Amino acid sequence: MNGAEDDPPIEPGPARLGPKASEDELPVMRRFGGGLTLRAVLPNAITAAALCSGLTGVRFAIGAAYGDGGGWQKALFAILLAGLLDGIDGRIARLLKAQSRFGAELDSLADSLSFGMAPALVLFLWSLQGLPRIGWFASLAFAICCALRLARFNARIDVDEQPHKSAGFLTGVPAPVGAGLAFLPMYLWIATGEPLFREPWLVAIWLAAIAFLMISNLATLSWKSIRPRRSIRLAAIALAGLLFAALLTEPWWTLAAICVVYLALMPLAVANYAKVRRLRAAPADGAGERPIEPAAAIPGPK
């Protein structure tokens, strides 16, 4: 709309749910000739920046594959930056109360390209092209599974009954986390220089395994389910600071360690969710107990 003076005023619409969070889609009121406020543009601009960052990683990978080979680290940094931007755009939208159906759909499309297509192409150019057929199918499997996971998430967002979400868990590995896990052989190869981590068969099997985890129904940890006790609050803050310092000094070993810790915590998440299911399935207090029968009358003194 161009903001003509004879346009009717926009009335706030009913609240609706969108793919990324609780979407209070209230159309932004036009001011001074139909201009958009920065509050409405900023979250979508961050999403677009994440999309550009992910696709730029593919560009660096192409240059590394057919050039001097020094662009692999740039490709990884670009996709990791896309993951960082993806983690803050939704939070900024909620903070500014600028959530919209358009932004939610844009976010899902950007995730599919940045964390599905881009990692698949980077890993194919880095290693899997040594197996032209099987390697390409592994890359396709990862990209397709990422798109299927995002589509499943969007389809379930309006469903009232979501056992994993109501218990504070996620269903399967999220798309940004899946992209980070898929690069584990690449982290180790850059850190050690060991050719084994670039072996096409190894990378193909690993990529197919991560693709399966993305579309699986396994309960995985979410940020909401991680609640450290108050007694270790200072230790958690110190650990976060040390982790950031490790990312600056030894980024590849640190990223590999984060991947290993996440994978090690997956059985714990499955066990915790099974415990929650047992507690929900158990009858309420006293529901399964035998009812108490009234005792017989006992004669006593008048």
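Basis for what follows: all heavy atoms, side chains included, without hydrogens, waters or symmetry-related copies. All values reported here derive from a predicted model rather than from experimental measurement.
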Is there a path of hydrophobic side-chain contacts, each under 4.5 Å between heavy atoms of I/L/V/M/F/W/Y residues, joining [Y] to [X]?
| X | Y | answer |
| --- | --- | --- |
| M186 | L247 | yes |
| I79 | F60 | no |
| I205 | L131 | no |
| W252 | L263 | yes |

Check whether any side-chain heavy atom of M266 sits under 4.5 Å from a side-chain heavy atom of L221, and report yes or no.
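Side chain of M266 against side chain of L221, heavy atoms only: no contact under 4.5 Å found.
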Looking only at heavy atoms, which two atoms of P174 and T220 are closest? And how far apart?
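In terms of heavy atoms, the two residues are closest at CD-OG1, 4.5 Å.
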Locate the shortest heavy-atom distance separating A75 from G57; write the atom from each residue and the value.
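What the structure gives for the nearest pair is CB-O, 3.3 Å.
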Are any side-chain N or O atoms of R59 and backbone N or O atoms of L55, one a donor and one an acceptor, separated by less than 3.5 Å?
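No; judged by distance alone, with no hydrogens or angles, the pair does not exist.
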Please check: side-chain N/O of S222 versus main-chain N/O of L170, any donor-acceptor pairing under 3.5 Å?
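Looks like no, no N/O pair under 3.5 Å.
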Please table the atom pairs, donor to acceptor, closer than 3.5 Å between any side-chain atom in residues 112-127 and protein atoms at least two apart or in another chain.
| from | atom 1 | to | atom 2 | distance (Å) |
| --- | --- | --- | --- | --- |
| S114 | OG | A50 | O | 3.3 |
| S114 | OG | A110 | O | 3.1 |
| S127 | OG | R198 | O | 2.7 |

Once rounded to the nearest 0.5 Å, what's the spacing between atom [atom1] of [X] and atom [atom2] of [Y]?
| X | Y | atom1 | atom2 | value |
| --- | --- | --- | --- | --- |
| L181 | L255 | CG | CG | 11.0 Å |
| L207 | S139 | CG | OG | 5.5 Å |
| L242 | I237 | CG | CD1 | 12.0 Å |
| I92 | N44 | CD1 | CG | 11.5 Å |
| F142 | M214 | CZ | CE | 4.5 Å |
| S108 | L150 | OG | CG | 5.5 Å |

Can a donor-acceptor pair be found between the side chains of N154 and R149 at a distance below 3.5 Å?
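There is no such pair (donor and acceptor under 3.5 Å, judged by atom type) between the side chains of N154 and R149.
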For D89 and T47, does a side-chain donor sit closer than 3.5 Å to a side-chain acceptor?
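Note: D89 and T47 side chains meet the donor-acceptor criterion.
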For the OH atom on Y262, are there more than 12 heavy atoms of other groups (residues, nucleotides or ligands in this structure) within a distance under 6.0 Å?
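Check passes, neighbour count above 12.
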For residues 190-197, tabulate all N or O donor-acceptor pairs below 3.5 Å that involve a side-chain atom, not counting sequence neighbours.
| from | atom 1 | to | atom 2 | distance (Å) |
| --- | --- | --- | --- | --- |
| T192 | OG1 | L188 | O | 2.6 |
| T192 | OG1 | E194 | N | 3.2 |

Counting the benzene-type ring for Trp, do W72 and Y187 have ring centres under 6.0 Å apart?
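No, the ring centres sit 6.0 Å or more apart.
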